[in-house]
Amino acid sequence: MRNLTIKREKSFVGSLAKMKVYIEDPTSNEMRINDIPCRKIGDLKNGEEKNFQIDEQEVKVYVIADKLSKNYCNEFYQLSAGQEDIFLSGKNKFNPANGNAFRFDNNESEETIASRKRGARKGLLILIVAAIVGAIVGAVVGYSITSNLFSNKTPDPKDFSSNGMTITLTDEFVKTDVENYTVAYDSKNVAVFALKEAFVLADGFQDYTLEQYGDLVLQNNKLSSSKIEDMEGLTGFEYEFTNPDTKDTYKYFSFVYKSNDAFWLVQFATLTENVDEYSSKIIEWAKTISFE
């Protein structure tokens, strides 16, 4: 056995969180970090220095924030085989794309740098989809479908275009601004919220399938009761949301699309009491969506 000492330098970044220290262990079923089997050997508070006893073989030591972010908010140091004690130091560094991950000092191997880049790409994708959380909640909390601008005449089809997306709705709709959405349209009983996520936001983002992108949306919005499904040839999911201010419950028909430069999340919202009347119309409108 030998001693591994790790000093976590004080930093305002992540100062309130304990970092978890794991060691590579092929016999452990406790956790896999970047597909490497590991077991926990301790925690590190901000500014703390701690000793750990480890075996003498060549292993990786990992520092992570938590189980949920372990595959992008992590750092490893490759320890060589031997009997000599080892001292390592490092600190959390500001970078929202990787969750302000801990970084070991003097740890610039090619394998480590490649791992950091992969983690940053994963973390950035999480950030992209996490932004949808604020958009969904912010829109339904601060916005309600209550417009009474239109008469009872039979609506005529009308095309709307914005940011490369075209959709055919009716002349009952008007374009409106909703914070955190790329474009939105409102009518008396249905609202449409569209969010564009450009591929350039993260390396490899363009390689995701519609199903993978949709799963990210569900996971990061904690919509565990919803699932990605085929909706008459479209890829999407459904869920309900109750406005905490008005107590009205809305049904969301959400569809994901892939253009030549971005993913799009397009959501149609209507009161649950109007679902029977508008669900088929919403599918029809969703099928008209096209991109330049």
Side-chain angles (χ1 to χ4, degrees), residues 1-130 133 202-204 215-216 219-220 222 224:
M1 301 293 288
R2 52 180 170 164
N3 291 318
L4 168 64
T5 301
I6 302 178
K7 181 178 182 180
R8 180 184 171 189
E9 303 284 356
K10 280 191 175 182
S11 171
F12 75 94
V13 178
S15 60
L16 299 180
K18 289 183 180 179
M19 294 294 108
K20 284 74 173 174
V21 184
Y22 283 79
I23 196 81
E24 180 181 358
D25 185 348
T27 67
S28 175
N29 294 318
E30 184 177 347
M31 181 184 292
R32 299 184 76 87
I33 304 174
N34 292 342
D35 209 32
I36 301 294
C38 299
R39 61 179 171 84
K40 187 177 180 180
I41 58 176
D43 298 306
L44 276 177
K45 297 178 182 178
N46 193 32
E48 184 177 27
E49 180 177 315
K50 189 174 286 188
N51 296 318
F52 308 95
Q53 280 202 325
I54 63 172
D55 294 330
E56 298 172 359
Q57 69 266 27
E58 181 181 76
V59 291
K60 290 181 173 70
V61 58
Y62 284 87
V63 177
I64 68 171
D66 53 47
K67 292 181 179 180
L68 292 176
S69 62
K70 62 184 174 66
N71 287 324
Y72 68 90
C73 182
N74 71 59
E75 173 79 335
F76 75 84
Y77 197 100
Q78 182 68 58
L79 303 178
S80 301
Q83 298 179 343
E84 295 184 353
D85 293 340
I86 299 172
F87 175 84
L88 300 174
S89 63
K91 63 182 179 181
N92 291 74
K93 296 187 177 181
F94 179 76
N95 185 348
N98 62 31
N100 300 323
F102 180 90
R103 291 292 182 244
F104 283 111
D105 297 329
N106 304 313
N107 189 32
E108 303 298 330
S109 69
E110 290 185 6
E111 185 181 8
T112 300
I113 292 173
S115 177
R116 289 174 180 175
K117 288 181 178 179
R118 287 193 298 270
R121 287 196 293 267
K122 292 178 182 177
L124 186 53
L125 287 175
I126 297 298
L127 276 181
I128 293 168
V129 179
V133 177
D203 290 342
D215 282 334
L216 280 175
Q219 292 171 19
N220 289 281
K222 299 181 180 179
S224 57

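At distances below 3.5 Å, not a single donor-acceptor pair connects side-chain atoms of Lys20 with backbone N or O atoms of Asp43. Of the possible polar contacts, one joining the Asn71 side chain to the Asn34 backbone as a donor-acceptor pair under 3.5 Å is found. Put simply, the side chain of Asn74 never gets that close to the backbone of Ile64: no donor and acceptor are under 3.5 Å apart. Counting only distance, with no hydrogens or angles, the side chain of Asn92 and the backbone of Asn100 share a donor-acceptor pair below 3.5 Å. A donor-acceptor distance shorter than 3.5 angstrom exists from the side chain of Arg8 to the backbone of Leu44, with no hydrogens or angles considered. Glu56 places a side-chain N or O within 3.5 Å of a backbone atom of Met1 that can act as its donor or acceptor partner. Under a 3.5 Å cut-off, the side chain of Asn46 and the backbone N or O of Ser11 do form a donor-acceptor pair. Checked by atom type and distance alone, the side chain of Thr5 never pairs as donor or acceptor with a backbone atom of Asn51 at under 3.5 Å.
The minimum heavy-atom distance linking Pro26 with Pro37 is given by the pair CA-CG, 3.7 Å. When every heavy atom of Gly119 is checked against every heavy atom of Tyr72, the shortest pair comes out as O-CB, 3.1 Å. Closest non-hydrogen pair, Asn107 versus Arg116, comes out as O-NH2, 3.1 Å. When every heavy atom of Ser89 is checked against every heavy atom of Glu9, the shortest pair comes out as CB-OE2, 4.2 Å. Here the shortest heavy-atom pairing between Lys70 and Ile33 reads O-CG2, 3.6 Å.
Looking at Val21, Asp85, Leu88 one by one, the single match for side-chain contact (heavy atoms from CB on, under 4.5 Å) with Leu4 turns out to be Leu88.
Taking OH from Tyr62 and CD1 from Ile23, the interatomic distance works out to 10.0 Å, rounded to the nearest 0.5 Å. To the nearest 0.5 Å, the span separating CZ on Arg2 from CD1 on Ile54 amounts to 4.5 Å. Here the CD-CZ distance, from Glu24 to Arg32, works out to 10.0 Å after rounding to the nearest 0.5 Å.
Taking a 6.0 Å sphere around NZ of Lys7, one finds it holds 12 or fewer heavy atoms contributed by other residues, nucleotides or ligands. Lys40 NZ: more than 12 foreign heavy atoms inside a 6.0 Å radius. Heavy atoms of other residues, nucleotides or ligands lying less than 6.0 angstrom from CD of Glu110 number 12 at most. Within 6.0 Å of NZ in Lys60 there are more than 12 heavy atoms belonging to other residues, nucleotides or ligands.
Between Phe104 and Tyr77, the angle of the ring planes goes over 60°, which puts this pair in the perpendicular group of the 30/60° scheme.
We find that Glu30 and Lys67 are not joined by a salt bridge, their nearest charged nitrogen and carboxylate oxygen being 4.0 Å or further apart. A salt bridge does not link Glu75 to Lys93: none of the charged side-chain nitrogens sits closer than 4.0 Å to a carboxylate oxygen.
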Exercise. Step by step, would you call Glu108 with Ile113 a side chain to side chain contact (heavy atoms under 4.5 Å, CB included)?
Worked result: CA-CA 6 Å; Glu108 303 298 330; Ile113 292 173; 4.0 Å; yes
For this session: Walk me through it: do Lys91 and Met19 pass the test side chain to side chain contact (heavy atoms under 4.5 Å, CB included)?
Result: CA-CA 10 Å; Lys91 63 182 179 181; Met19 294 294 108; over 6 Å; no
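Between Glu49 and Ile6, every side-chain heavy-atom pair lies at or beyond the 4.5 Å cut-off.
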